[in-house]
Structures are given as structure tokens and as C-alpha cells.
Undergrad: 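Below is the structure I would like to discuss, written out as C-alpha cells.
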Amino acid sequence: MIKRSFIGLAKTWMEYDALDITQPEPKKIPTSKKATLLLGRSYDHKDSILFNIGDKVKTGQKLSYSEDSDAYVISTVTGTISSISSFIGDYGKSYTAISIDVDENEETDDQFKAPAGDPTLETAINYLTGAPGNPSFEIFSDPEKSINAIIVCGVDSDLLMTTNQYAARADSNAIEIGVRILKKITGVDNIIIAVPQALTIDAAGSGAEIMTVDSEYPSTLPLLMVQNILGQVVPAGKSCEDMGVCFFSAEAVASIGKAFDDGRIPVTKTMTFVNKNGEKTLVTARIGTPISEIFKAFDVTLHEKDRVIVGGPMTGSSVYTEDYPVQADTDAVIVQDRDDVALVSDYPCINCGECIRICPANVPINMLVRFLEAGQYEEAAEQYDLYSCIECGLCSFVCVSKMPIFHYIKLAKYELGRISTVEETNA
Amino acid sequence: MLNQKKLIVSHAPFCHDGSSISARSYHMMLAALPAVLIGIFQYGIPAVGVVSLSISFAMIWELAINKVTRRAISIGDGNAAVIGLLLAMLLPATSPWWLVITGTFVAVVIGKHIFGGIGGNPFNPVLIGLAILMVSWKDFFDFNEALVNYDLGFAMAYPLSVLKQLGPAGIVKYSMIDLLIGQQAGGIGATFGLGLILGGIYLIIRGFIRWEISVSFLAGVFFTALVFNLNNPANYASPLFHLLTGYTLIGAFFLASEDSSSPVNFISMLIYGASAGIMTVLIRNIGANVDGVVLAILLMNLINPLVDRIRPKALGKVV
Ligand code: SF4
Ligand code: SF4
């Protein structure tokens with residue numbers, strides 16, 4: 001993949017991939033025989049769940065978890081529920097996994113048709129969570145946060161992928177509708193669309209204010225966008241939402257537009273697929289399709305010790321099974337041959353200073369990592385700026401010792417987060 | 001889910017720029033090669049002996065420590081070899097075998113592993129080794145005496161001791177060009193200025209050493225010497241002379257810039273390098289020692305943790 005330049009003194013320059021404007025339509029991955037929907041709530045078989053094995057579901061049908069929970073998932077296929085189980089994602093996030101045997105004859109549920117006529121925030125919350133691009137509306141009903149700006153990302157958050165750039169270009173009509181609806185239902189007038197220089201023309205009709213973003217990684221990470229676009233510095237440890245800014249991907253806004261426009265919830269996700277040889281192709285697949293279907297379509301043979309990555313090369317996550325379903329926020333799927341898998345080592349930091357040169361947040365990583373290795377997370381946070389880290393992963397990328405620095409950082413934040421949650425509950 | 005293929009699962013990021021410790025070490029040795037080769041060319045077999053002995057024993061000590069402490073074998077990263085090579089470059093070609101073996105022992109075991117191995121050493125291991133040898137067996141480091149049996153067709157007196165004894169009047173016989181191309185007495189790999197400069201520039205361009213340290217070190221030496229020289233040219237040598245003699249160049253490119261014992265933040269690196277340079281000339285000009293590089297760098301190693309606290313404000317930090 002990307003390598004250090006011969007002239008090591010020169011800054012490592014990593015550019016986002018630009019959308020190939022001549023690119024043909026995305027390749028369509030056929031709907032698989034089985035689909036798996038992930039409902040964002042932990043599964044407990046003792047709960048009185050509102051759906052059962054054997055139930056028939058239609059495309060677009062809302063499957064709510066239980067009477068006393070708001071959690072739901074929209075079925076993206078027509079078929080019969082074949083199993084319900086628990087699924088644990090990254091950092092212990094738990095889901096209820098619903099497997100569906102897909103029917104040949106597709107039927108569409110029209111429950112959304114009526115409420116779609118009059119767009120409200122409530123309708124969006126009740127139906128569009130988990131639509132392609134994964135729009136999230138909870139923040140608007142959180143009394144503690146007041147959102148005054150929405151940034152629509154027509155840029156991609158990681159290297160190699162062009163998913164949202166594609167949406168910004170191909171779905172500009174839907175985005176225009178989406179922006180209009182967002183303004184209406186959230187009451188936020190300040191909507192900005194962030195695009196790379198090349199797509200400013202496509203974004204012109206969106207009705208949102210246009211801002212261009214640098215093509216150098218990591219300028220599209222949320223915290224840096226808030227800084228560069230809005231000129232606000234987010235204090236360490238605070239989120240963009242604390243500052244009144246929230247993000248929607250271009251695809252999510254397009255989903256909102258399409259859903260309210262034709263009264264049907266979109267179910268197809270666009271992704272960038274990166275093959276073992278580095279070839280990139282845009283593909284579309286139903287949410288819930290196992291990623292093995294994509295491999296099948298591209299004739300990829302997976303071997304032991306290959307690596308499958310969901311998301312980008314810098315910030316994505318690797319998965320242990322090719323049955324992993326396409327999710328609403330799966331912007332990229334990458335396969336790496338076992339020979340190309342970059343491994344970490346257990347060497348200590350040699351204090352070479354490469355990470356210091358590249359860190360966009362001026363984190364004293366060479367010191368930080370010593371404390372993280374020793375598990376001294378509090379010191380790390382207090383003295384060595386753990387919370388200034390914007391999670392770009394560049395430090396691990398350049399580390400001469402190949403330390404899993406980014407992993408340490410995420411783990412430290414996670415552990416500290418758990419401690420403070422426990423303290424809050426005990427208080 | 002039988003017949004599941006076992007995929008590799010790990011944390012992001014999933015790519016790496018391909019740099020490695022061993023590449024760093026090997027390029028360091030490569031960059032030192034011209035200077036070493038000239039040394040070997042000048043001093044012949046004894047120099048070959050010292051260099052080989054030093055490198056092999058540095059690696060043997062490393063291996064021994066790996067075994068004793070039951071850690072993974074780490075000689076493959078080349079760091080021990082670099083330590084051995086650099087130590088040899090600083091020694092006179094006439095060093096007896098036990099001196100070399102002791103020196104490498106001190107460097108690798110006491111200078112590096114006692115502090116936890118690579119990355120943990122607060123002092124440059126090579127300089128720790130050298131300093132102990134210099135204190136314990138001073139006579140071997142009197143280059144005049146050590147190299148008395150050599151006649152290589154140029155003045156075999158160690159320029160810095162000549163300067164100490166006779167003042168600038170004594171050093172008129174050294175032309176700058178001669179000093180630059182290694183026509184001077186000194187450590188095996190420390191005299192060929194041109195080679196060291198080229199090696200250093202190579203390391204800087206490839207990003208294997210931090211240029212800020214080398215450049216500020218040289219600037220520190222140059223300007224301090226200049227101040228002395230301008231005030232009293234009869235007593236103090238020219239800045240160029242200071243740059244090209246003793247351990248100045250090898251110090252700037254290979255010793256002061258050692259990773260673990262030097263700072264990584266920009267301003268800190270400048271302070272560190274410049275202070276070491278200034279100190280070097282102070283020791284040479286008003287101290288008792290002939291050369292000041294070793295002591296100056298060790299002293300700066302000592303305060304490095306303090307200096308390296310000067311760092312840019314982290315993003316979003318509210319003070
Ligand atoms: S991931 Fe590393 S390089 Fe990126 S902001 Fe955090 S500490 Fe800095
Ligand atoms: S890049 Fe790795 S080895 Fe170098 S200073 Fe940073 S953490 Fe240490």
C-alpha cells in the first residue's frame with residue numbers, strides 16, 4: 001500500500017482518493033440467499049421480542065425490538081426470519097442479529113408511505129436510523145446538546161474510498177431534497193456541505209453552503225473539519241456535538257431525500273471495494289448482505305490469515321468472518337492478502353520521533369505510549385494529552401517500532417470511559 | 001459455521017509505511033562506512049581488528065543479555081552492531097583487544113540494557129562505553145602516544161592536543177582541506193570529515209536521524225568557537241578547525257542524534273543540539289580536557305528529559 005518515500009525527511013503525504021468522474025455505475029452485488037440485520041440493542045432471549053423465528057418480513061418493514069424499547073431495524077429484504085442471536089461488535093458493542101432467508105419474490109412494506117408525506121423529526125427518528133449512510137437523529141432530541149450546524153460530508157473519512165464522493169456527485173438531487181428536509185425537521189439552518197475541490201460544481205445545487213476540504217489525510221476527520229471549516233477548536237475531550245456541530249454523510253442525506261421523496265426507505269448501500277491487488281471498485285449491495293457475496297462477485301479467494309477490513313485502511317476494523325453483513329455505515333470493504341498484512345511488533349518505543357512529526361494534534365506520543373503500555377491511563381490523560389488525539393492512526397502508520405499505538409490509545413479511552421461511567425452510576 | 005477460515009484480526013491502521021528499526025540501523029552503518037573505510041585504509045590491519053572485534057562483541061553481549069534476561073533475541077535489529085561500529089570509530093586503531101571488549105560490554109550492557117534495552121537508555125550507550133574507558137585507561141586515548149608508530153605522511157600529532165599545548169600557533173600546519181579529507185590523527189572513523197558529512201547528509205535526507213540536532217550542534221560549535229576566535233585569535237582556534245577536528249562531526253551526525261537519549265520536539269532539539277555544541281567548545285577552550293564532545297553530549301543526555309518538555313500545545317488543550 002502506501003510506503004514511506006525515499007526521502008524520509010519529506011513529510012509523508014497521504015492523499016485521499018479522488019472520485020474517478022468517468023467511473024461507470026457501481027457494480028451491483030446480487031441479493032444473497034441469506035441476509036443478516038443487526039439491531040442496535042443487546043439480545044436477551046427473556047425479553048418479549050416483537051418478532052420471532054419463522055416470521056415473514058417484507059422489504060422496508062420495521063422490526064422493533066420490544067414494546068418498551070425504541071430500538072429497531074428496517075428489513076432490507078423480503079423473507080423469513082431463520083434465527084435471532086446475539087452479536088458483539090467492536091469495543092463490546094452488542095447487537096441482536098436477525099438472520100433472514102431471502103424469498104425470490106420481493107414485497108415492499110408501505111408502512112412508511114403515510115408518515116413520509118409530512119416529514120417530521122419523529123418520523124425520521126422512527127424510520128430512518130440505519131438507512132444507508134447511517135443518519136443519526138438522536139442528537140436532536142437530546143436536551144443537553146443544542147446543534148446549530150450540520151456538516152454534510154461529501155468527502156470520505158478515510159483513504160482509498162470514494163463512497164461519499166460518489167454520493168455527492170451521483171445523488172445530488174436526492175441530497176438537495178435531503179438538505180431541505182433536514183433544515184425543516186431539525187430547525188438547523190446552517191447546513192454546510194464539505195466536498196473536495198473537484199466536486200464543488202456537483203455540490204452547487206444542494207442548497208447547503210459549500211466548503212472545500214483538503215485532499216491530504218486526515219483533513220476529513222470530524223474534529224479537523226470543525227476546526228478548518230467552522231474555525232472552532234474543539235477542546236480536548238469534548239466532541240463535535242458538544243460544540244453544536246453534527247455530521248451526516250452525503251449518502252445519509254441522500255437516503256433521507258430519497259426516503260421522503262418516494263415514501264420508501266432505501267435499503268441499498270454503496271461501498272468501495274478494494275481487492276487484494278489494490279484495485280478499487282464501487283459496488284452496491286443490500287444492507288445485511290454478507291460480505292462474502294462481494295468476494296464471490298469479484299472472484300476473490302480468501303486464504304487463512306488474509307485480512308478483511310470493513311471501513312478504511314487507517315480507521316476501519318478487521319472482521320473475523322466473511323459472513324459479516326454489510327452495514328449502514330460500511331463505506332469500504334478491503335481484502336488484504338496474507339503477504340501484505342502489516343503486523344505490529346512488541347518492540348518498545350525507540351524514541352525516533354516520527355510520530356511526533358506526523359501527529360496532526362501535537363500529542364507527545366513518544367511519552368504517551370510509555371504510559372499506555374504500562375496501563376497508566378490516568379497519567380496519560382492528564383499529562384500526555386490522550387484526549388487531544390483525533391484518532392487518525394497516523395502514529396501507528398509511521399512507527400518505526402511498529403507499535404500498535406492507535407490501538408493503545410483507543411483502548412485507553414475506552415477503559416477511562418468505562419471507569420467514568422461506573423463512577424457516574426455510583427455517584 | 002464450520003470450515004471457517006481464520007482471518008487475521010487486528011486494530012487499525014491496516015497499513016504501515018514500511019520503516020523498521022533494522023533498516024534504520026543498517027543505513028546508519030552504511031552512512032558510517034566511508035569514514036570507517038578511510039580509517040582502515042590508513043591504519044591497516046589493527047583498525048580492521050578493532051572494528052570487527054567491536055561489532056562482534058557488541059552483538060555477543062547483546063545476545064548474552066537476551067539469553068540471561070530471557071527476552072526475544074534482538075541482535076537482528078542491528079542496534080548492537082551500530083553501537084559496536086560507532087565505538088570502534090571513536091577508538092584509536094591501536095586499542096588492545098581487552099579495551100574493545102570492555103568498552104562494548106559497558107556500552108551494550110550498562111549503557112543500554114540496564115535501562116531496559118533499546119529505547120530506554122537515557123544516555124548514548126556508545127558514549128557511556130567510551131567515557132568509562134577514557135576515565136579508566138586514559139593513556140590509550142592520548143592519540144599522540146597511541147599512534148606514535150604510524151607514519152602516514154601527514155602530521156601524526158592529534159590536532160586538538162596540539163591546540164591545547166601550543167595554541168593556534170601550533171596548528172597552522174593543518175590545512176582545512178587536509179583535515180576534511182582525513183589527513184589527521186584520531187579515532188579510526190572520526191577523522192575523515194568529508195565522509196562523515198556525506199554520511200550525515202545521507203542520513204538526514206533519508207530521515208534516519210533528526211536534522212535539527214545535527215545542524216544545531218554544528219551551529220553551536222561554530223558560533224561559540226567564532227566568538228572565542230574573534231575575541232582573541234591568538235589564543236583560540238578558528239571555528240572551522242573546531243568543526244573538523246576531534247569528534248565534532250561524528251558527534252553531530254552519529255552520537256548526539258542517538259534516538260533514545262535526545263529530544264523529539266522541534267525547539268527542544270534545537271536547544272539540545274546547540275547546547276551540546278556550545279559546551280563542546282567551552283570544554284575545549286577553557287576546560288582541562290582535550291576534546292569536549294563526549295562530555296558535552298552526555299551532559300545534554302542528562303537534561304534531555306527536561307528539555308524535551310518544551311513542546312507545542314496539543315490540539316484543543318485548555319490550559
Ligand atoms: S491517532 Fe496518533 S497521530 Fe493521530 S491524532 Fe491520535 S496520537 Fe496523533
Ligand atoms: S514512531 Fe514509534 S518508535 Fe518512534 S517515537 Fe513514535 S512511538 Fe516511538
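Every chain is numbered from 1 and lettered A, B, ... according to where its sequence line falls, protein lines coming before strand lines. Only this structure's heavy atoms are used, side chains among them; waters, hydrogens and symmetry mates stay out.
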Undergrad: Can a donor-acceptor pair be found, under 3.5 Å and without considering hydrogens, that links the side chain of His16(B) to the backbone of Cys399(A)?
TA: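 The answer is yes, because a donor-acceptor pair under 3.5 Å joins these two groups.
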Undergrad: Report which part of Tyr387(A) has an atom under 4.5 Å of a heavy atom belonging to chain B: side chain, backbone, both, or neither.
TA: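 It is neither, since no heavy atom gets under 4.5 Å.
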Undergrad: Between Asn351(A) (side chain) and Ser262(B) (backbone), is there a donor-acceptor pair under 3.5 Å?
TA: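 Such a contact is found between Asn351(A) side chain and Ser262(B) backbone.
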Undergrad: Check whether Pro404(A) gets within reach of chain B through its side chain, its backbone, both or neither, counting any heavy atom under 4.5 Å.
TA: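 Neither; nothing under 4.5 Å.
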Undergrad: With respect to chain B, which residue among Ser396(A), Gly237(A), Pro360(A) yields the maximal number of heavy-atom pairs within a distance under 4.5 Å?
TA: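 Ranked by heavy-atom pairs under 4.5 Å with chain B, first place is Ser396(A).
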Undergrad: Heavy-atom distances under 4.5 Å only: say whether Arg370(A) touches chain B with side chain, backbone, both or neither.
TA: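 Side chain only.
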Undergrad: Identify which of Ser318(A), Cys395(A), Gly311(A), Pro364(A) forms the greatest number of heavy-atom pairs closer than 4.5 Å to chain B.
TA: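 So the answer, after comparing Ser318(A), Cys395(A), Gly311(A), Pro364(A), is Ser318(A).
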Undergrad: Would you check if the side chain of Asn362(A) reaches a backbone N or O of Leu315(B) as a donor-acceptor pair within less than 3.5 Å?
TA: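 Not at all, since once roles are kept as given, no pair shorter than 3.5 Å links the two residues.
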Undergrad: Hey, does Tyr347(A) have a side-chain heavy atom less than 4.5 Å from the side chain of Asp77(B)?
TA: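 Asp77(B) reaches Tyr347(A) side chain to side chain.
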Undergrad: Strictly below 4.0 Å, N to O, side chains only: are Lys402(A) and Asp17(B) in salt-bridge contact?
TA: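 No, Lys402(A) and Asp17(B) are not salt-bridged.
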Undergrad: Report the C-alpha distance between Asp385(A) and Lys317(B) in whole Å, list the side-chain angles of each, state the deciding distance to 0.1 Å, and finish with yes or no for side-chain contact (heavy atoms from CB on, under 4.5 Å).
TA: CA-CA 8 Å; Asp385(A) 301 321; Lys317(B) 176 127 172 151; 2.7 Å; yes
Undergrad: Checking heavy atoms, do the side chain of Cys352(A), its backbone, both or neither come under 4.5 Å from chain B?
TA: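 Its backbone and side chain both get close to chain B.
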Undergrad: Looking at Gly393(A), Ala236(A), Gly353(A), which has the largest count of heavy-atom pairs under 4.5 Å with chain B?
TA: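 The candidate making the most pairs under 4.5 Å is Ala236(A).
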Undergrad: Show the nearest heavy-atom pair for residues Ala342(A) and Phe14(B), with the distance to one decimal.
TA: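 Distance-wise, the nearest heavy atoms are CB-O, 4.3 Å.
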Undergrad: Mind listing the side-chain donor-acceptor pairs of residues 265-272 of chain B below 3.5 Å, one per line with the distance, residues two or more places apart or on another chain?
TA:
residue	atom	partner	partner atom	Å
Asn265(B)	ND2	Asp308(B)	O	3.3
Asn265(B)	ND2	Asp308(B)	OD1	3.1
Ser268(B)	OG	Val307(B)	O	3.1
Ser268(B)	OG	Ile310(B)	O	2.8
Tyr272(B)	OH	Ala256(B)	O	3.1
Tyr272(B)	OH	Asn301(B)	ND2	3.0

Undergrad: Side chain, backbone, both or neither: which part of Lys410(A) has a heavy atom under 4.5 Å from chain B?
TA: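 The answer is the side chain of Lys410(A).
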Undergrad: Side-chain contact test, heavy atoms from C-beta onward, threshold under 4.5 Å: evaluate it for Ser260(B) versus Ile350(A) and give yes or no.
TA: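 Of all side-chain heavy-atom pairs linking Ile350(A) with Ser260(B), none is under 4.5 Å.
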Undergrad: Mind checking the OH-CZ spacing from Tyr384(A) to Arg311(B)? Nearest 0.5 Å is all I need.
TA: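 Reported value, rounded in 0.5 Å steps: 7.0 Å.
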Undergrad: Given that the side chain runs from C-beta out, which part of Arg24(B) has a heavy atom under 4.5 Å from chain A: side chain, backbone, both or neither?
TA: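 The side chain, not the backbone.
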Undergrad: Rounded to the nearest 0.5 Å, what separates atom NE2 in His303(A) from atom CD1 in Ile8(B)?
TA: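 Separation between the atoms: 13.0 Å.
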Undergrad: Let me know if Leu223(A) has heavy atoms under 4.5 Å from chain B in its side chain, its backbone, both or neither.
TA: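 No part of Leu223(A) comes within 4.5 Å of chain B.
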Undergrad: Side chain, backbone, both or neither: which part of Tyr408(A) has a heavy atom under 4.5 Å from chain B?
TA: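 Neither; nothing under 4.5 Å.
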Undergrad: Let's go through Val9(B) and Tyr320(A) carefully: what are the C-alpha distance in whole Å and the side-chain angles of both, what is the deciding distance for side-chain contact (heavy atoms from CB on, under 4.5 Å) to 0.1 Å, and is it a yes or a no?
TA: CA-CA 6 Å; Val9(B) 181; Tyr320(A) 58 85; 3.6 Å; yes
Undergrad: For the residue pair Arg307(A) and Leu7(B), establish whether any side-chain heavy-atom pair is separated by less than 4.5 Å.
TA: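 Arg307(A) does not reach Leu7(B) side chain to side chain.
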Undergrad: Between Glu391(A) and chain B, which part of the residue has a heavy atom less than 4.5 Å away: side chain, backbone, both or neither?
TA: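 For Glu391(A), no heavy atom lies under 4.5 Å from chain B.
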Undergrad: Go through the structure and list residues passing side chain to side chain donor-acceptor pair (under 3.5 Å) with Ser86(A), not counting sequence neighbours.
TA: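 Counting only residues at least two positions away or on another chain, Ser86(A) forms no side chain to side chain donor-acceptor pair (under 3.5 Å).
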Undergrad: Can you tell me which portion of Leu302(A) sits under 4.5 Å from chain B's heavy atoms? Options are side chain, backbone, both or neither.
TA: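 Both parts, heavy atoms under 4.5 Å.
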Undergrad: Given a strict heavy-atom distance threshold of 4.5 Å, which part of Val233(A) is in contact with chain B: side chain, backbone, both, or neither?
TA: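 Only the side chain of Val233(A) comes within 4.5 Å of chain B.
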Undergrad: Let me confirm one number: the CZ-NZ distance from Arg338(A) to Lys6(B), rounded to the nearest 0.5 Å.
TA: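 It comes to 13.0 Å.
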Undergrad: Chain B heavy atoms under 4.5 Å from Val344(A): which part of the residue, side chain, backbone, both or neither?
TA: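 Neither part.
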Undergrad: Taking Pro263(B), Pro13(B), Ser10(B) one by one, which has the highest count of heavy-atom pairs under 4.5 Å against chain A?
TA: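 Maximum pair count with chain A is reached by Pro13(B).
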Undergrad: Side chain from CB out, backbone as N, CA, C, O: work out which of these in Ser401(A) comes under 4.5 Å of a heavy atom of chain B, or both, or neither.
TA: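 Both backbone and side chain.
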Undergrad: Just checking Glu304(A): does its CD atom have more than 12 heavy atoms from other residues, nucleotides or ligands closer to it than 6.0 angstrom?
TA: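 Yes, enclosed.
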Undergrad: Could Glu212(B) and Arg357(A) be called an ion pair, given the rule that one side-chain N must be under 4.0 Å from one carboxylate O?
TA: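 Answer for the salt bridge query: yes.
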Undergrad: Over all heavy atoms of both residues, which pair between Ser19(B) and Val398(A) is shortest? Give the atoms and the distance, please.
TA: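 Looking at all heavy atoms of both residues, the shortest contact is OG-O, 3.4 Å.
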Undergrad: Looking at Asp242(A), I'd like to know if its CG atom is crowded, meaning that more than 12 non-hydrogen atoms belonging to other residues, nucleotides or ligands lie closer than 6.0 Å.
TA: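 Yes, enclosed.
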Undergrad: Is there side-chain contact between Cys15(B) and Met314(A), with heavy atoms separated by less than 4.5 Å?
TA: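 Yes, at least one pair of side-chain atoms sits under 4.5 Å.
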Undergrad: Given heavy-atom pairs under 4.5 angstrom as the criterion, report whether the side chain, backbone, both or neither of Gln227(A) touches chain B.
TA: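 Only the side chain of Gln227(A) comes within 4.5 Å of chain B.
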